[in-house]
Amino acid sequence: MLNIRSLKTYYESICALKSVSLHIKKGEIVTLIGGNGSGKSTLLNSIAGLAPRTTGTVLFENREILGLSPSIIVRLGISLVPEGRQLFYPMTVMDNLVLGTYSYYSFGNRKEISSRLEWAFELFPVLGDRKRQLAGTLSGGEQQMLSIARALMSKPKLLILDEPSVGLAPKIVENIFRTLIELKERTDLTMFLVEQNAKLALDVCQRGYVIETGQIILSGEKEELMNNREVLRAYLGKE
Amino acid sequence: MSFASQLLQYTLSGITIGSIYALVAIGFNIIYNSTGIINLAQGDFVMLGGMIAVFFHNTLHFPLVASGPIAALIVALIGILFERFAIHPLKNASVITLVIITIAASILFKGGAMFLWGKDAYSLPSFSGDEPIRFLGATILPQTIWIICVLLFIVAALVCFFRYTMVGRAMKACSYNKRAANIVGINVNNMVMLSFGLSALIGGIAGVIITPISLIEYEKGSLLGLKGFGAAVFGGLGNMGGAVAAGILIGLLESYSAGLLSSGYKDAVALIILLLVLFFRPGGIFARKEVQKLKHY
Ligand SMILES: Nc1ncnc2c1ncn2[C@@H]1O[C@H](COP(=O)(O)OP(=O)(O)OP(=O)(O)O)[C@@H](O)[C@H]1O
Ligand SMILES: [Mg+2]
């Protein structure tokens, strides 16, 4: 579904991704783990069309998407849950969700949109209770849920999530991840999950990659990574 | 005329001119919200609206009902072209550079208007005659009623646009968070272009409705722009409701000071207010702390 070959991304003259190659198959949950500043967000932003300067190839459903504008990439079916949530804080929960449908919104498909809204509220009942509340007044966990729900409103085929667990209480993280797994089971949505919390990420994924200073240093099936000495030591805190 | 009816007269003329300032201020806000730019050519959009309407009506002898809308639409187009050719190509320029470009555009618009129409002042006939309407001892020109109604209509239309249409929501979203707007698939470039078109359209309309009661000439936009800017800052940059209230307030103060003190002070009022606000309440009189904070989260 997604096939990345020798992707390089630069900020000014700094090379933040040094030839990254990876692939994601349809229906998989693939995770990417790595420490602070290793280039995780840079990779996701490059896929979403938000990075300033990139070279290499990124094929989505056999189509080159590198260099396309973010609005086209969203239309093709890739949706990003960005780092730091990036909501429209002075707008209501409802407005944020409706803006999520921007890529295909028209007067004609209002029915579809309202049923998709219903579906999102079913997935995240808290958001349904707070439809009219401003996004900026939600708690951190609710904001993260809204960010995920907004991304889902665009009918993605591939959902990419940038550290959805960061800064949240364990119980809320558990809630969000349960929802993601439920979502996967119900819709067979493909997900690319970036996490610093390696235990959590390896728990839900089928395959994973490890990134360090802009390079993929390891890749493998879930069990392989979980038992890898390097991963155990650096990311799972075990000797 | 009794003092009371005189006061009423000043109030009416203050509201009239204040409505125009409000429209100019709204134009400032729309562009400011989507780009952070203060478009110093906003007043010239008003001038162009008036001039082009005069050209269609007086020179080409189009009926007034056609000349006005045509003029406003042409000004909207000018706004869009201005954005495409002068603002858009400078993607990575700082806001201050872009503001300076709007000054250049302002000079260009003035120069162009002077080249085409000379330095003469022109007028249009009033939309529904010049027969004053008596009202509690004061008189209202029918054009005044037109101006106030157009302001109300534009404000109502904008409120609906930003609240109930997807494009309006998307424009608002861009002003709150450009990155997030990109992420949901909004083409931010188009929204910026649209904001210039919309601001120019509103400026053009203001020019068309003011020309029957106040002559229009190539330089008219400077002062209107300045006062409209005063209103925009007074009401809090980016705040639509604030712009309307502040525009009318400045119009009223101006009218009272002209009537009760001396007409020589009239033009100073807006400037003094602008300076005072910038000194003491740079967020505008209606700035609410929480909203301001939310906006920059
Ligand atoms: N906008 C930018 N301009 C310049 N350098 C940047 C920019 N964004 C990121 N970088 C640099 O690129 C490298 C990778 O950053 P990135 O944000 O992708 O890391 P990350 O793995 O997402 O880290 P974190 O876990 O903290 O989110 C870092 O060295 C960072 O300093
Ligand atoms: Mg990151």
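Proteins get letters first, then strands, A, B, ... in listed order; numbering begins at 1 in each.
In this structure, the portions of A:Tyr102 lying under 4.5 Å from any heavy atom of chain B include both its backbone and its side chain. Contact annotation for A:Asn96: neither backbone nor side-chain heavy atoms come within less than 4.5 Å of a heavy atom of chain B. Heavy-atom distances place both the backbone and the side chain of A:Thr101 under 4.5 Å from chain B. Neither the backbone nor the side chain of A:Val81 has a heavy atom closer than 4.5 Å to any heavy atom of chain B.
Pairing each heavy atom of B:Gly185 with each of A:Ser71, the nearest pair is O-CB, 3.1 Å. Taking every heavy atom of both residues into account, A:Leu50 and B:Asn182 meet most closely at CD2-CB, 3.7 Å.
Summarising the local packing, OH of A:Tyr11 is surrounded by more than 12 heavy atoms from other residues, nucleotides or ligands at distances under 6.0 Å. At most 12 heavy atoms of other shown residues, nucleotides or ligands fall within 6.0 angstrom of atom CD in A:Glu12.
Taken from NZ in B:Lys172 to CG in A:Leu99, the straight-line distance is 9.0 Å, to the nearest 0.5 Å. If you take CZ on A:Phe88 and SG on B:Cys174, they are separated by 7.5 Å, rounding to the nearest 0.5 Å. One distance of note links CG of A:Asp95 with CZ of B:Arg163; it measures 9.5 Å at 0.5 Å rounding.
Contact of the B:Asn177 side chain with the A:Met91 side chain is not registered, since no non-hydrogen atoms from C-beta on lie closer than 4.5 Å.
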Q: Would you sort out whether B:Val184 and A:Met153 count as a side-chain contact (heavy atoms from CB on, under 4.5 Å), showing the intermediate values?
A: CA-CA 9 Å; B:Val184 298; A:Met153 289 305 292; over 6 Å; no
